[in-house]
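For the single chain, residues carry numbers from 1 onward in sequence order. The basis for the numbers below is simple: all heavy atoms, side chains too, and nothing from hydrogens, waters or symmetry mates. Because the structure is predicted, anything quoted here is derived from the model rather than measured.
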Amino acid sequence: MAYLHFLVVAVLFISILNVLFDLQTSFLDYKDKKAFQIENKRKFVLYLILILIAILLDIFLFKKNVSFFAGLFAIGLFLLITIFNYLSDCRLSYQLRSLNKISHLNSFSKNGFKLDKGGVSSFFYWSNITSAVFNNSHSKIELRFLDKKSLRIKSNFLGYLVFLKNIPSGINALDYNYIQQEVGSITVCTCCGYISFTKEIVSCVLILIGIVKQ
């Protein structure tokens, strides 16, 4: 009888959890669609029946009254899972917002390159660059243009090494020897600019999760 009672309590516990998660899903759908609807009504009703039968068996057949504590435990576990999922979603949203703020150099061609920064995309032509100068530590490079404007590109920008490799010859004041020494013989990812340790470049994880467009 003890094993049968354990089975009844387990069915009660699992059924309560499933009912709570179904209600949660329906509530979330209601917020989006403005319509409260159980996705699988037959399954939902079956769980309710199982809960009722398990409670009756626990009270009148086994006379243990464990169903109350099983219900409390199921509700507690449901709340813990819900809180954990909420905190995980908050963390993921924060990480995605942080990634969207990352400056990304891309779309390199013989004409120029594109810079995505702070949600704004700008295209710069090589022919408009009058000079380019590294700082003393070579941690950033300043581009100066025909319209007297300038652009500072830091080494932590995504695609920085690819940018250096694609700079055409003939730009004034640029230290081409440094570029040749640092990036001339290495292979870099065309998306993130990180060094590849294999002969072939695989798709960058940023492309796979849709943060950065190819």
Side-chain angles (χ1 to χ4, degrees), residues 25 28-29 31-34 82-214:
T25 302
L28 294 176
D29 289 341
K31 291 176 63 178
D32 296 332
K33 303 177 183 178
K34 303 302 180 182
T82 301
I83 293 172
F84 176 79
N85 289 337
Y86 174 76
L87 293 177
S88 298
D89 290 342
C90 290
R91 181 181 178 184
L92 179 60
S93 298
Y94 173 78
Q95 291 175 336
L96 291 177
R97 288 195 299 269
S98 299
L99 283 173
N100 285 328
K101 294 178 181 179
I102 292 176
S103 300
H104 179 218
L105 297 156
N106 57 92
S107 300
F108 305 102
S109 67
K110 64 179 181 180
N111 295 320
F113 65 95
K114 186 172 71 172
L115 173 61
D116 297 326
K117 185 177 182 180
V120 178
S121 296
S122 303
F123 190 85
F124 299 92
Y125 291 93
W126 302 119
S127 58
N128 289 337
I129 300 175
T130 57
S131 64
V133 180
F134 287 103
N135 65 344
N136 293 333
S137 61
H138 290 87
S139 60
K140 61 184 176 182
I141 181 174
E142 181 177 356
L143 306 180
R144 295 169 184 147
F145 298 92
L146 293 173
D147 58 3
K148 307 301 181 182
K149 293 182 180 180
S150 62
L151 173 67
R152 290 182 176 88
I153 297 177
K154 298 180 180 180
S155 58
N156 61 355
F157 284 14
L158 289 179
Y160 178 74
L161 295 179
V162 184
F163 164 76
L164 293 182
K165 290 194 67 167
N166 280 273
I167 295 178
S169 60
I171 295 180
N172 293 331
L174 182 59
D175 188 353
Y176 285 100
N177 291 330
Y178 169 79
I179 295 177
Q180 182 61 33
Q181 291 174 2
E182 293 297 316
V183 300
S185 59
I186 64 174
T187 305
V188 294
C189 174
T190 56
C191 173
C192 65
Y194 290 148
I195 298 173
S196 171
F197 293 97
T198 61
K199 292 183 179 179
E200 296 181 357
I201 299 289
V202 296
S203 296
C204 180
V205 65
L206 294 177
I207 292 177
L208 294 179
I209 63 175
I211 300 299
V212 177
K213 295 182 180 179
Q214 285 179 300

Trainee: What is the distance from atom CG of Asp89 to atom CZ of Phe84, rounded to the nearest 0.5 Å?
Mentor: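 Rounded to the nearest 0.5 Å, the CG-CZ separation comes out at 10.0 Å.
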Trainee: Before you tell me yes or no, could you show the steps for Asn166 and Val162 under side-chain contact (heavy atoms from CB on, under 4.5 Å), namely the whole-Å CA-CA distance, both residues' side-chain angles and the distance that decides it to 0.1 Å?
Mentor: CA-CA 6 Å; Asn166 280 273; Val162 184; 3.3 Å; yes
Trainee: Would a distance-only check, ignoring hydrogens and angles, find a side-chain to backbone donor-acceptor pair under 3.5 Å from Tyr160 to His104?
Mentor: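 Flag not set: sc Tyr160 to bb His104 has no pair under 3.5 Å.
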Trainee: State the SG-CG distance between Cys90 and Asn85, to the nearest 0.5 angstrom.
Mentor: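 Nearest 0.5 Å value for the SG-CG distance: 11.0 Å.
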Trainee: Do the non-hydrogen side-chain atoms of Ser122 and Phe124 ever get within less than 4.5 Å of each other?
Mentor: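 Side-chain contact under 4.5 Å: yes.
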Trainee: Counting C-beta onward and ignoring hydrogens, is there a side-chain heavy-atom pair between Ile171 and Leu143 closer than 4.5 Å?
Mentor: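 A side-chain contact is absent here, since even the closest heavy-atom pair is not under 4.5 Å.
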Trainee: Is there a side-chain contact (heavy atoms from CB on, under 4.5 Å) between Lys154 and Ile141? Walk through the geometry before answering.
Mentor: CA-CA 6 Å; Lys154 298 180 180 180; Ile141 181 174; over 6 Å; no
Trainee: Below 4.5 Å, heavy atoms only, C-beta onward: do Leu158 and Asp116 meet side chain to side chain?
Mentor: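 Contact flag for Leu158/Asp116 side chains = no.
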Trainee: I'd like to check Val133 versus Arg144 (side-chain heavy atoms, cut-off strictly below 4.5 Å). Are they in contact?
Mentor: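 Answer yes - side chains close enough.
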Trainee: Quick test of your reading: applying side-chain hydrogen bond (donor to acceptor under 3.5 Å, both in side chains), list the pairs with at least one residue in residues 125-134, sequence neighbours left out, ordered by first then second residue.
Mentor: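 Listed by first then second residue: nothing to list.
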Trainee: With sequence neighbours excluded, tell me which residues meet side-chain contact (heavy atoms from CB on, under 4.5 Å) with Thr25.
Mentor: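 Per chain and number, Thr25 pairs via side-chain contact (heavy atoms from CB on, under 4.5 Å) with Asp29.
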Trainee: Looking at side-chain heavy atoms only, is the closest gap between Phe113 and Ile153 below 4.5 Å?
Mentor: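 Result yes, sub-4.5 Å side-chain heavy-atom pair found.
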Trainee: Which atoms form the tightest heavy-atom contact between Ser109 and Phe123, and what is the distance?
Mentor: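 Answer, listing the atom of Ser109 first, then Phe123: OG-CZ, 4.2 Å.
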Trainee: Restricting to side-chain contact (heavy atoms from CB on, under 4.5 Å), what partner residues turn up for Ser137, sequence neighbours left out?
Mentor: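 For Ser137 the side-chain contact (heavy atoms from CB on, under 4.5 Å) partners, ignoring immediate neighbours, are Asn135, Ser139.
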Trainee: Parallel, tilted or perpendicular: which fits the ring planes of Phe134 and Tyr178, with parallel below 30° and perpendicular above 60°?
Mentor: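 Taking Tyr178 first and then Phe134, their aromatic rings stand perpendicular (interplane angle over 60°).
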Trainee: Evaluate the side-chain proximity of Ile167 to Leu174: yes if any heavy-atom separation is below 4.5 Å, no if none is.
Mentor: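 They are in side-chain contact.
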Trainee: Can you tell me how far the CZ atom of Phe157 sits from the CG atom of Asn106, to the nearest 0.5 Å?
Mentor: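 Going from CZ on Phe157 over to CG on Asn106, the span is 12.5 Å.
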Trainee: Does the distance from a Lys or Arg side-chain N to an Asp or Glu carboxylate O, for Glu142 and Lys140, drop under 4.0 Å?
Mentor: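 Judged by the 4.0 Å cut-off on N to carboxylate O distance, Glu142 and Lys140 do not form a salt bridge.
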